[in-house]
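Below: the structure, in structure tokens.
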Amino acid sequence: MKKFLFFLLLAGLTACKNSYYAYRTYDYPKPVDTKDKAIDYQEKKVFKAGEVFASNQFDAARLNDFKKVNDTLYEALILPENTPVNMSPWFAFRIWSEEPDTLYIRLKYEHAKHRYIPKYGKDKRHLKPIPHFTYNADSTAVVFPFVTERTPQYISAQEIISTTDIYQWIDSLKKNEFVLESKFIGESVLGRKIPYFRLGKKEANAKKVVVLMSRQHPPEISGFKALQYFVEELLKKDALTEDFFEEYEVWVFPVINPDGVDLGHWRHNAHGIDLNRDWAYYRQPEIKQITEFIRTEARQGKKKIILGIDFHSTQHDVYYVFDDNIKTIISRFRHDWTASIDRLVYPHKTEYAPFPLSQAISKNWFYSQFGAEAITYEMGDEVPYEIIQKKSTAAAVSMMDLLLDVFKNK
Ligand SMILES: [Zn+2]
């Protein structure tokens, strides 16, 4: 009998222990249907409009049509992958002419108002804003002057960072001793590989984990830059990172929506779904594989997910945090961390926006699945890179400091 009771107790404990890692689904107050929807693919081609050429033949391009309206005005049509979709008309194309020409370009959107200041340059990584660009907030089209040359120039909503560029960035980090592992953990709808890498100290075998992610929403480049600078700060070998990686690992998913990124989508994956609404029923393969990977990896390594940070972009800097009714394992972190970053980047301002659990977004999944703290870290679209870098450095250093402290007296 004693043996039987002991067995029951053991079974109970195992069940409790496993429930931390068990697959959980949730009914949020604002459910969103994340079943597959059809998308429209843009035709990849070189458009010829009089003496001017435009092309969308590269990853992350978006140009649905290009035509000559009159002697000096040319129109670039920019459409979303499907509708309804939020107001984030992403555009990216190359333009050139047989002879240099001064002309006007009209970006014409359907299903959206203007969002991104157009940028241009010969190299897709180093783009400058179109000078003196102005627009009306309600505009569904914007016009600006442009000088074409024989050499193609990019015109784009933001710096163009494709999935391949992200793979190359990860490759460039691999020689760092804090990069313990780098691999693909699955595939997108169209078979693009989903990359992952793990930071830590091999000999430490740390049991506490921070998860970072980005590019659920393809055009959100300033958020992706923030993740890059954040990771690069974590990889600097100094007393703080040495201490931090004794206790913590950091798991990074830099591109959750590789199809959306390379197809130049405004928002969705190749099944026409906003992936950041699918973190309750896991209907989309990208979210299903990432959540399964995190749970399995945590269970097998007996690790605890402490914090999730999901990097995004919007019109201005915002911390989307849990409201104070939501008690995570480190509830104070949201206040202390954001206050510390704000102190270090003063006078740059960030809105602090607490939210209840309402939708199936990644932030809520970290709490619902693991009781973990989580934050959606939104960077403003047009924040200069030096500010993004300064803020990410402050964010990484403050996070390490606070996380080293938070469990000390527990
Ligand atoms: Zn976003």
Side-chain angles (χ1 to χ4, degrees), residues 28 30 32 34 39 60 62 80-92 109 111-117 156-163 166 188 194 211-230 252-280 284 286-287 290-291 308-322 338 350-355 357-367 374-383 388 391-392 395:
Y28 286 100
K30 291 184 188 168
V32 174
T34 55
I39 59 163
R62 168 82 15 187
E81 57 276 16
N82 65 340
T83 56
V85 65
N86 88 325
M87 300 271 190
S88 306
W90 167 262
F91 52 91
Y109 312 116
H111 310 287
K113 292 168 186 163
H114 177 73
R115 173 163 167 180
Y116 300 103
I117 293 176
S156 177
Q158 296 284 24
E159 178 183 342
I160 299 162
I161 304 178
S162 70
T163 301
I166 297 174
S188 65
I194 301 169
V211 178
L212 310 178
M213 56 180 62
S214 183
R215 301 298 290 276
Q216 293 206 71
H217 298 146
E220 298 183 0
I221 296 294
S222 61
F224 175 73
K225 295 299 286 190
L227 170 126
Q228 278 190 309
Y229 292 130
F230 191 96
V252 190
F253 300 87
V255 55
I256 295 211
N257 183 4
D259 288 342
V261 165
D262 284 358
L263 294 173
H265 283 185
W266 294 13
R267 184 80 168 180
H268 301 151
N269 73 342
H271 277 161
I273 295 301
D274 182 344
L275 291 179
N276 205 22
R277 300 293 180 272
D278 193 42
W279 294 77
Q284 295 304 318
E286 293 87 353
I287 302 308
I290 290 165
T291 52
I309 307 174
D310 189 2
F311 291 83
H312 287 253
S313 305
T314 188
Q315 275 79 4
H316 62 285
D317 291 17
V318 186
Y319 307 116
Y320 287 120
V321 293
F322 294 128
T338 55
T350 301
E351 184 192 347
Y352 184 87
F355 269 87
L357 298 180
S358 59
Q359 288 190 309
I361 62 176
S362 66
K363 172 172 71 105
N364 295 340
W365 180 76
F366 284 110
Y367 172 69
I375 289 176
T376 309
Y377 185 104
E378 299 265 5
M379 284 303 307
D381 291 328
E382 308 297 345
V383 176
I388 299 179
K391 189 170 168 184
S392 284

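Whatever order the structure lists them in is the order used to number ligands and atoms, beginning at 1. Only this structure's heavy atoms are used, side chains among them; waters, hydrogens and symmetry mates stay out.
Exactly one residue among Thr83, Ile273, Val85 makes a side-chain contact (heavy atoms from CB on, under 4.5 Å) with His268. That residue is Val85.
Geometric assessment of Lys391 against the ring of Tyr377 yields a positive cation-pi assignment under the 6.0 Å and 45° thresholds.
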Quiz prompt | Full working for side-chain hydrogen bond (donor to acceptor under 3.5 Å, both in side chains) between Gln284 and Asn269 | solution = CA-CA 9 Å; Gln284 295 304 318; Asn269 73 342; 3.0 Å; yes

Quiz item: Hey, mind stepping through His265 and Asp259 against side-chain hydrogen bond (donor to acceptor under 3.5 Å, both in side chains) and telling me if it holds?
Solution: CA-CA 8 Å; His265 283 185; Asp259 288 342; over 6 Å; no

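Protein contacts to the Zn ion (ligand 1) involving N, O or S atoms at a distance below 2.8 Å are His217 ND1, Glu220 OE1, Glu220 OE2, His312 ND1.
Considering only residues two or more places apart in sequence or on other chains, Tyr319 meets the ring pair (Phe, Tyr, Trp, His ring centres under 6.0 Å) condition with none of them.
Between Glu220 and Arg267 there is a salt bridge, since a side-chain N of the basic residue sits under 4.0 Å from a carboxylate O of the acidic one.
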